[in-house]
> 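This structure is in structure tokens; I'll ask about it shortly.
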Amino acid sequence: MIDIKRIREETDVVRQAVADKNMRVDIDRILAVDGKRRELETEFNNLRHEQKQAGEKIAKAGKDEKAALSQEMGKVKARIQAIEEDLAQVEAELNELMLTVPQVPSPESPRGPDASGNVEVRKHGATRNKADFGFPFRDHVEIGESLKLFDLERGVKLAGSRNYVLTGAGAMLHEAVLRLAWDIMMEAGFTPMTVPVLVTEKLMYGTGFFPLHRDEVYLCERDEQCLVGTAEVPVTGFHGDEILSLDELPKTYVARSTCFRREAGAAGRDTRGLYRIHFFDKLEQVVVCKADAAESAKWHEKIIANSEKTLQALELPYRVVEVCTGDMGQGKYRMYDIETWMPSREAYSETHSASAFHDFQARRLNLRYRDENGKPQFCHTLNNTVIASPRILIPLLELNQLADGGVRVPEALRKYMGGMERID
RNA sequence: GGAGAGGUGGCCGAGCGGCUUAAGGCAACGGUUUGCUAAACCGUCAUACUCUGUAAAGGGGUAUCGGGGGUUCGAAUCCCCCCCUCUCCGCCA
């Protein structure tokens, strides 16, 4: 959500944001409905004022006068009820429209229509293609099946397409990666938490996933709850409807959760292996800080650094990409993806996503703090993947495969795997 | 899942149709007093929208007593539905 005043006062800026983000939002309609709302509200307020004053008079009046006044106020009551009905309708429409208005992106974000407009910021580590291995390259599916690291067929048997079961050393590797990431975040001083993964719809609106991305979410409609696609949802919502004091900011949280995604728009895409699946585990970092662009930007850098540190510990080559306006999504102010090199795809592929929202989520969540002058302000929120598995196992297995068919375990993971140096 | 009791400002807690613009207390903040601290005393002490107004400020109005609907000239107060919390019972990792 953005401030409606901004739509009134900086209409062109908002229009440009809609265009830059490749969205369609009827700004004129919003302005019209907002005007109508204010008109009705003023009338409502005036009538209520009249009603309240009359109420005082009636309380003190004699019997006859009381009856006369009451009858008179009956008319006012009817008008108030009519206006209330109109107002409710207008407010509902305005709210619905407002939920679709994008955050105005950073002037520094590259402008572009889609992923093609994203800009590489930096690279780390040496990449290797299939031909560079010096022995017949096997992709992660072949490695996993031969070493019994996961079972895709039985995953489908249990839960349908895009499901899987990690087994044996595969499950161990999955846990090891998450535990390494956990320890890195503990060292960074973030506060760990466990959070519900089945949450209210209100929270999905609050974090900006609804209404636009409803199709991508599993609904438990009988209970009016949703399975989250990321721990960002409950963690960012943790302080919703609160006014934090300045001295308790920033809040730096990290939470592991299973993430559920319908992948509704991706039918037929990335169907092989563990790349695009309906559930996975992710360690997510979330920062809530004061509404200061520089402060917010500083934390954005910090949470990206945490993720890079994790990838470096895993010895994985990656690049950081700045996401352009057309690809960043409705709520984002600025966004970076980290893409890890995957030899089977002969490409860097998205494994992390670092977003700065400014006050977009905080407004929807009513997440505030009291500033230096004691005035409530909306916080800024940010989040980034620390590690998501099993997707990260794709480059991990492929890049560490050995000529003899085994897989080398990276140094940093060995202590989480009982000292195991290789998987055979 | 069954039975009962509740949900009022940052917290405690009164109010159960119109002298409530939500009493009183605690905490917090500002001030007076003081050698310092404490105490005492005085003051401030919700949020949102809106109108008015200013260099800042300020002032007026409306809404909000878990959420929604209803009754009434008038609802924190009465009625209905929902949500949540607590106690007891049942079930359970």
Side-chain angles (χ1 to χ4, degrees), chain A residues 1-9 30-99 101 194-206 220-226 234 237-249 251 257-258 290-291 359-379:
Chain A
M1 198 87 85
I2 70 170
D3 192 345
I4 191 149
K5 284 183 197 146
R6 195 159 184 201
I7 300 180
R8 282 186 216 137
E9 290 160 16
I30 291 177
L31 289 171
V33 175
D34 176 49
K36 184 72 184 163
R37 190 201 96 223
R38 296 211 288 171
E39 209 174 279
L40 287 169
E41 203 169 74
T42 301
E43 199 177 351
F44 175 79
N45 284 350
N46 292 341
L47 287 171
R48 279 290 288 169
H49 182 55
E50 191 182 328
Q51 189 179 48
K52 283 175 99 167
Q53 288 195 319
E56 275 176 47
K57 235 183 270 175
I58 291 170
K60 290 169 191 159
K63 217 165 196 172
D64 292 345
E65 203 186 348
K66 195 172 264 189
L69 281 169
S70 293
Q71 202 183 358
E72 182 64 26
M73 291 317 291
K75 291 175 199 159
V76 173
K77 182 189 181 182
R79 280 174 62 202
I80 288 176
Q81 279 174 339
I83 287 166
E84 268 184 321
E85 273 175 43
D86 289 351
L87 198 55
Q89 210 175 325
V90 166
E91 277 177 343
E93 185 182 353
L94 183 62
N95 190 251
E96 202 178 307
L97 287 165
M98 284 299 289
L99 287 172
V101 176
T194 73
V195 287
V197 294
L198 189 56
V199 304
T200 60
E201 292 211 357
K202 189 184 168 195
L203 198 56
M204 300 302 286
Y205 281 99
C220 300
E221 286 169 298
R222 186 171 61 175
D223 299 293
E224 294 179 312
Q225 289 177 308
C226 316
F238 189 64
H239 293 292
D241 290 320
E242 293 180 25
I243 302 180
L244 302 169
S245 64
L246 193 54
D247 58 26
E248 58 186 322
L249 292 178
K251 296 283 191 184
S257 81
T258 302
K290 64 177 182 173
D359 60 0
F360 184 84
Q361 290 181 316
R363 283 181 180 278
R364 290 178 171 231
L365 289 165
N366 195 25
L367 164 52
R368 294 176 293 175
Y369 70 99
R370 225 170 267 287
D371 71 11
E372 294 81 351
N373 302 315
K375 287 208 170 119
Q377 304 285 353
F378 291 106
C379 298

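Owing to the predicted nature of the structure, the values given are computational and were not obtained by experimental measurement. Residue numbers start from 1 in every chain, and the chains themselves are labelled A, B, ... in the order their sequence lines are given, proteins ahead of strands.
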> Taking the basic N atoms (NZ, or NE/NH1/NH2) and the acidic carboxylate oxygens, is any pair closer than 4.0 Å for A:R6 and A:E9?
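Salt bridge absent between A:R6 and A:E9.
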> For A:E41 and A:G74, find the nucleotide of RNA chain B closest to each by heavy atoms; which residue's nucleotide sits nearer the 5' end?
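With A:E41 and A:G74 compared, the 5'-side residue is A:E41.
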> For B:C49, which nucleotide in any strand shown is its Watson-Crick or wobble partner with both distances under 3.5 Å?
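B:G61 - that is the nucleotide pairing with B:C49, both distances being under 3.5 Å.
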> Let's test this: given Watson-Crick or G-U wobble pairing with both distances under 3.5 Å, identify the partner of B:G7.
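Partner of B:G7: B:C83.
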> Using OP1 and OP2 only, check whether a side-chain N or O of A:H49 sits under 4.0 Å from B:G61.
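So the side-chain polar atoms of A:H49 never come under 4.0 Å of the phosphate oxygens OP1 or OP2 of B:G61.
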> Could you please name the partner base of B:G18, counting Watson-Crick and G-U wobble pairs only when both distances are under 3.5 Å?
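Answer to the pairing question: B:C73, which forms a Watson-Crick or G-U pair with B:G18.
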> Which value, in whole Å, describes the distance between the P atoms of nucleotides B:A3 and B:C82?
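Looking at atom P only, B:A3 and B:C82 are 13 Å apart.
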> Apply side-chain hydrogen bond (donor to acceptor under 3.5 Å, both in side chains) to A:R48 and A:N46, showing your working.
CA-CA 5 Å; A:R48 279 290 288 169; A:N46 292 341; over 6 Å; no
> Look at the side-chain N and O atoms of A:R48 and state whether any lies under 4.0 Å from the OP1 or OP2 oxygen of B:A63.
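Indeed, a polar side-chain atom of A:R48 lies that close.
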> Atom CG of A:L47 to atom P of B:G74: distance rounded to whole Å?
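About 12 Å, once rounded to whole Å.
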> Have a look at A:R8 and say if it touches a base, only the backbone sugar-phosphate, or nothing, with a 4.0 Å heavy-atom cut-off.
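Answer is sugar-phosphate: A:R8 comes under 4.0 Å of backbone atoms only.
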> Please report the distance, rounded to the nearest Å, between OH in A:Y369 and P in B:U47.
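In whole Å, B:U47 P lies 15 Å from A:Y369 OH.
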> Counting just side-chain N and O atoms, does A:K52 come under 4.0 Å of either OP1 or OP2 of B:G74?
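No, outside the criterion.
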> If the cut-off is 4.0 Å, is A:Q51 near the phosphate of B:C73, judged by side-chain N/O to OP1 or OP2?
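So the side-chain polar atoms of A:Q51 never come under 4.0 Å of the phosphate oxygens OP1 or OP2 of B:C73.
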> Among B:G74, B:U50, B:A48, which nucleotide sits nearest the side chain of A:T42?
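Per side-chain heavy atoms of A:T42, the pick is B:U50.
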> Any ion pair linking A:E43 and A:R38 (charged N to carboxylate O, less than 4.0 Å)?
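No, no charged N to carboxylate O under 4.0 Å.
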